[in-house]
Trainee: 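Okay, handing you the structure first.
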Amino acid sequence: MSSSKTKTENSHITSVFTGAGLRQHSLVYWAVIAALALAGGLIGDSYIHHIFILVFIWCVVIASWDLILGYAGIFNYAQLVFFTFGAYGSAMLSIYAGVTPLLAILAAAGIGAVIGVVVAVPSLRLKGEYVALFTFAVHLALPPLIQQGKAIGMGGNTGLLGIPWLNLFGYQVSSIDKLTWYWVSLAIGAICVYLIYFVILRGRMGLAFIAMRDADTFALAIGVNEYRYKMLAFVASAVFTAVAGGVYAHYTGVVTPRVLGTEFFLMAMVMLAIGGMGRFPGAVLGVFIVVIGNELLRSFDDYRLLLLGVAVVLTVIFLPLGVAGLFRKRG
Amino acid sequence: MTQMSLENVTMQFGSFRALTDMSFHIDRGEILGVAGPNGAGKSTLMNVCTGGLRASSGQVSFNGRDVTRFKRHARCGLGIAQTFQIPTLLSSLTVGENLLAGQIFGTEVRGEATGISMDEILFLTQLEDSLQMDAAQADLLTRKRIMLGAALATGPEIIFMDEPLGGLNAEEIVEFLQVIRHVREELGITIVMVEHKTRALAEIADRVLIINFGEFVMLDTPQVVLNDEHVVEIYLGKKHDA
């Protein structure tokens with residue numbers, strides 16, 4: 001049954017944290033991914049491909065946010081800062097240093113890790129809502145910084161244009177080649193989301209996150225090293241988000257400070273609110289619902305945001321835990 | 001044999017002094033009761049011992065080692081565990097996962113296996129049948145058992161318990177005292193318990209420490225302490241005040 005790493009006997013305790021159910025759940029997960037991959041091939045409309053590409057990229061951002069906010073209970077609002085650094089970092093590496101985009105996206109992960117540490121160090125000296133204030137201040141401080149960064153080639157207000165196309169082993173994937181992008185973003189997204197929810201959050205790190213969120217003093221008393229695990233939460237969350245930023249940059253071919261705009265930020269909040277935090281697959285489903293819903297509402301034009309707002313209010317009233325609340329029962 | 005000792009420990013919060021020049025020893029394997037009126041500094045004393053607070057001055061030693069500056073999780077790694085007055089558990093997890101967390105992080109912070117098997121813990125706490133239950137659904141006594149179980153799973157040599165009997169009815173008190181006694185007898189773990197219920201303390205403790213206004217009053221066997229005129233006065237006087 002459960003494979004215990006510790007020497008002492010704990011065969012009676014079956015838990016997702018000791019690997020219970022991992023195989024079945026993974027099987028279901030990859031079956032769904034395979035179905036999505038197949039569906040991509042069957043869809044003929046490149047606009048629908050485009051919507052799903054955005055969904056897959058958003059899934060990584062929201063899963064990362066769910067990791068730190070929903071699971072670790074850290075009020076981090078600098079999520080799009082990680083995204084921006086990933087996007088700019090990856091774009092600049094490929095524009096100025098000629099790094100092939102796939103490697104640049106990988107490098108974005110490293111950039112994300114560094115930024116994660118930079119944001120974490122001051123945050124870890126703060127508690128609760130003060131973390132929210134500080135991290136959101138970082139978010140607000142970034143656009144002016146990017147404008148100043150014009151001197152080092154960050155493109156200022158207009159942003160960076162002409163970001164090189166993805167080069168898949170000699171095959172150039174243009175932004176118009178939606179089907180290939182569909183599969184690429186699905187593959188990267190699926191791997192990231194799997195690592196977040198099935199590897200990190202079902203391992204010791206996930207247990208530490210939940211322990212700190214549920215009962216911080218008790219967690220310390222049973223030996224959880226708070227500094228270390230909170231630092232890991234920031235780093236892990238930033239790494240995956242930066243990867244998403246990198247993918248986004250090479251897909252759209254453009255990055256501007258608009259990624260830090262209010263609409264993006266609010267959309268991310270709405271996805272978490274509707275999906276629900278701290279309970280897979282809630283947050284990820286939230287992405288599908290919001291991005292697709294947002295497209296379906298496009299014909300309502302000006303009323304679109306109003307309708308999204310109503311959807312959030314209704315969700316908060318009738319499904320306080322989000323869509324995740326529907327998956328609440330655990331046998 | 002001395003296991004833990006405090007020497008001239010003072011805890012200052014701004015201009016307020018919660019503990020003044022506190023010195024005493026805790027013997028290995030004893031059950032030490034800590035009592036005193038509300039606001040006497042009992043919780044502060046516990047926190048200074050377990051790492052929730054760092055003493056402003058003085059020294060806290062454990063097994064001959066100065067641990068004054070050690071944080072809570074690091075002290076857990078040395079074998080100092082604790083349970084809290086209000087059992088706040090890992091409420092979104094099962095009972096079994098709460099115990100598992102104690103074992104996993106206790107092992108991690110120690111750098112070696114904890115030395116207390118899950119079987120022993122389940123035997124002592126009698127949680128075997130509720131392992132799959134959500135911790136959030138447990139009643140108070142069960143929550144206390146879970147908290148104690150998780151503390152035991154870290155493999156401690158000493159456990160500080162903050163009002164372990166608080167909120168329990170007479171029947172439950174008898175039951176939980178039995179569990180505490182077993183922890184000492186079966187596992188040889190030292191127990192320090194802050195408790196208002198002096199009758200229960202008299203029954204279970206080897207020695208009782210009385211503090212008042214953050215100062216040491218006396219430390220002796222329950223018979224001596226609870227019949228001491230000064231101690232009775234502290235308690236009754238406080239009662240009338242309140």
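In what follows, every chain begins at residue 1, and chains take the letters A, B, ... in the order their sequences are listed. Everything numeric in this text was worked out from a predicted model, so none of it was measured.
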Trainee: Heavy atoms, side chains only, cut-off 4.5 Å: are A/I222 and B/N98 in contact?
Mentor: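 Sidechains of B/N98 and A/I222: no contact.
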Trainee: Quickly, which of B/L90, B/T88, B/T83 forms a side chain to side chain contact (heavy atoms under 4.5 Å, CB included) with A/F218? Name it, please.
Mentor: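 Answer after filtering B/L90, B/T88, B/T83: B/L90.
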Trainee: Please rank B/Q82, B/E108, B/K71, B/R75 by heavy-atom pairs under 4.5 Å with chain A and give me the top one.
Mentor: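 Ranked by heavy-atom pairs under 4.5 Å with chain A, first place is B/E108.
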Trainee: Would the number of heavy atoms belonging to other residues, nucleotides or ligands and lying under 6.0 Å from CZ of B/F13 be above 12?
Mentor: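 Correct, the count exceeds 12.
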Trainee: Tell me the closest heavy-atom pair linking A/L220 and B/R72, and the distance in Å.
Mentor: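 Looking at all heavy atoms of both residues, the shortest contact is CB-CD, 3.8 Å.
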Trainee: Does B/R181 have more than 12 heavy atoms from other residues, nucleotides or ligands lying within 6.0 Å of its CZ?
Mentor: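 Counting neighbours around CZ of B/R181, more than 12 heavy atoms of other residues, nucleotides or ligands fall under 6.0 Å, so yes.
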Trainee: Looking at every heavy atom in both B/E97 and A/S15, which two are closest together, and how far apart are they?
Mentor: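 Heavy atoms of B/E97 and A/S15 come nearest at OE2-OG, 2.8 Å.
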Trainee: Does any backbone or side-chain atom of B/S91 lie under 4.5 Å from a heavy atom of chain A? Answer side chain, backbone, both or neither.
Mentor: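 Interface part for B/S91: both.
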Trainee: Need one label for A/Y227: side chain, backbone, both or neither, based on atoms under 4.5 Å from any heavy atom in chain B.
Mentor: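 Interface part for A/Y227: neither.
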Trainee: CZ/A/F17 to CD1/B/I104 distance, rounded to the nearest 0.5 angstrom?
Mentor: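 Answer for the CZ-CD1 pair, A/F17 versus B/I104, is 8.5 Å.
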Trainee: Where is the tightest heavy-atom contact between B/S92 and A/D214, given as atom of each residue plus distance?
Mentor: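 Distance-wise, the nearest heavy atoms are OG-OD2, 2.7 Å.
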Trainee: Taking CG in A/L314 as the centre, count heavy atoms belonging to other residues, nucleotides or ligands within less than 6.0 Å. Is the count above 12?
Mentor: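 Yes, enclosed.
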Trainee: To the nearest 0.5 Å, how far apart are CG in B/L127 and CD1 in A/I13?
Mentor: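 Output value for this atom pair is 9.5 Å.
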Trainee: Measuring heavy-atom distances to chain B, does A/A208 have an atom under 4.5 Å in its side chain, in its backbone, in both, or in neither?
Mentor: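 A/A208 touches chain B through backbone and side-chain heavy atoms alike.
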